[in-house]
Peer 1: 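Before anything else, here's the structure in question.
Counting starts at 1 for both ligands and their atoms, in listed order.
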Amino acid sequence: MSKLWGGRFTKTAEEWVDAFGASIGFDQALVNEDIEGSIAHVTMLGKCGVLPKDEVEQIKNGLQALREKAAMGELEFSVQQEDIHLNLEKHLIDEIGPVGGKLHTGRSRNDQVATDMHLYLRNQTNEIMDGLKKLQQALVTQANEHVETLIPGYTHLQRAQPVSFAHHLLAYFWMLERDYGRLEDSLKRVNVSPLGAGALAGTTFPIDRHYSAELLGFDDIYHNSLDAVSDRDFIVEFLNASSMIMMHLSRLCEELILWSTQEFQFIEMDDSFATGSSIMPQKKNPDMAELIRGKTGRVYGHLFSLLTTLKGLPLAYNKDMQEDKEGMFDTVETVKGSLNIFAGMIETMTVNVDTMEKAVHHDFSNATELADYLATKGMPFRQAHEVVGKLVLVAIQKGVFLLDLPFSDYEDASELFEKDIYEVLNPKTVVARRNSAGGTGFEQVRVSLQKAEQLLANSHKS
Ligand code: ARG
């Protein structure tokens, strides 16, 4: 089979060499974007008088026909034609005859592939933003049910102070909110048209880049042709934003996994998101959470892979850049899939309110409260810390918790203690009183929930 660029060549490469250089195996995922870009390009050529209207119509109809065939799975792609661009051009010529060869006037595969990638990432970024929203919604829905559910809060994975379970869940809402913002911001750089930059230097044809950009819904054009064809920053940014998303998800995965252990028993995963063991009948494994935690690694890998590919590349296009695609496609699939699964896991998990409640009654996480109590009554906090430390020791020696100590122990420790300490030590009071802005006090959590709901309803439009 002859090559579309075969004129200068006296012999053809062997098949296995072609196969090594080809990207059609993966860049066929860009088939719709490539056709969309071509339709805009040829429409622009018609408007600028570079091609006569009837030829433009023929080419557009041909591309439309290819689009339909592709949708039906009737387009065959061959390694001989290397990539999606050449495959489609060949198909177009087969479909409408030699006039199909005019499509590539004033264009190069270099600005063409860059255009495809911009279109692709614009679509996918929007879909991922929707996925983030869906997970945020699931978190908000669960949080709504659990404003007054208490859970131990940890530092160093040691019980620290009790918190509202809603507060814990909403911490992830805000992480995802930043992820959303990062993607939204990246769209400014994704939604820019490289089309018409040519191979690297622009073109002699009187084209109108602003017009083709407008047809494709781009907000602006690249203002330097060399930059237009060699920029892959927008993909690096996407991989970076995706890495952050996966990092956030994997942290919550870790918590879900811990919480569903027999040691914690704070939550139970729904059967639809857990699996059993082939040998141990009692087991219910949080596989999906583990898998998402695991998949985080490959997304980081894709980020590093592309940064490394781009490092030291001279201007403008280099074949190295063909390596930008597989990691990007894989990241899109991984992030979309993970967000989807995650929303389902959060929506369907059972929260063991009683176990959590029991947990906060069986620890010393209300000790800070006691120190604050003394400090409020005028004792320097450092001294109060010491007094309470000693009381904790007394309780440990008696094998009880602070709420179980008789008042005489408190009287011995400081005359500032009054009987109201038993109310102050109640975990519910402990949480409720942390009413500083952004704190876990129930009032604050409700404010935060309301903000989250507003964000989901208003500012996030899709
Ligand atoms: N398949 C190529 C890629 O993905 C398309 C651009 C090829 N350009 C070229 N001058 N060989 O990067």
Peer 1: How far is atom 4 (O) of ligand 1 from its nearest protein heavy atom, and which residue and atom is that?
Peer 2: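 Checked against all protein heavy atoms, atom 4 (O) of ligand 1 sits closest to Lys325 NZ, 2.5 Å.
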Peer 1: Check each atom of ligand 1 against the heavy atoms of His85 and keep those under 4.0 Å away; list them by number with element.
Peer 2: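 So the answer, numbered in order with elements, is 5 (C).
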Peer 1: What protein heavy atom is closest to atom 11 (N) of ligand 1, reported as residue, atom name and distance in Å?
Peer 2: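 The protein heavy atom lying closest is Arg109 NH2, 3.5 Å.
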Peer 1: Run the numbers for me: atoms of ligand 1, each under 4.0 Å from some heavy atom of Ser23, listed by number.
Peer 2: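 The atoms of ligand 1 under 4.0 Å from a heavy atom of Ser23 are 1 (N).
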Peer 1: Using only atom types and a distance under 3.5 Å, with no angle test, would you say the side chain of Arg159 pairs donor to acceptor with the backbone of Ala359?
Peer 2: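 Yes, Arg159 side chain to Ala359 backbone: donor-acceptor pair under 3.5 Å.
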Peer 1: Between Trp5 and His104, is a ring-ring contact (aromatic ring centres under 6.0 Å, His included) present by the stated rule, with each step listed?
Peer 2: CA-CA 12 Å; Trp5 41 254; His104 213 51; over 10 Å; no
Peer 1: Counting from 1, what ligand 1 atoms have a heavy atom of Gln322 closer than 4.0 Å?
Peer 2: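 Result: 1 (N), 2 (C), 3 (C), 4 (O), 12 (O).
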Peer 1: Got an N/O contact under 3.5 Å between Asp83 and ligand 1?
Peer 2: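 By distance alone, the answer is yes.
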Peer 1: Please collect all side-chain hydrogen bond (donor to acceptor under 3.5 Å, both in side chains) contacts where either partner lies in residues 309-319, sequence neighbours excluded, each pair once.
Peer 2: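 Sorted pair list: Glu82-Lys319, Lys319-Gln322.
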Peer 1: Walk me through it: do Phe342 and His248 pass the test ring-ring contact (aromatic ring centres under 6.0 Å, His included)?
Peer 2: CA-CA 12 Å; Phe342 227 113; His248 291 149; over 10 Å; no
Peer 1: Quick one: list whatever passes side chain to side chain donor-acceptor pair (under 3.5 Å) with Lys295, sequence neighbours left out.
Peer 2: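 Here no residue qualifies.
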Peer 1: Among all protein heavy atoms in this structure, tell me which lies nearest to atom 12 (O) of ligand 1, with the distance rounded to 0.1 Å.
Peer 2: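 Of the protein heavy atoms, Tyr317 OH, 2.5 Å lies nearest.
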Peer 1: Answer yes when Asp208 and Lys47 have at least one side-chain N-carboxylate O distance shorter than 4.0 Å, and no when they do not.
Peer 2: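 A salt bridge links Asp208 with Lys47.
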Peer 1: Can you tell me which residue and heavy atom of the protein come closest to atom 8 (N) of ligand 1, and the distance to 0.1 Å?
Peer 2: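 Ranked first by proximity to atom 8 (N) of ligand 1 is Asn110 OD1, 2.9 Å.
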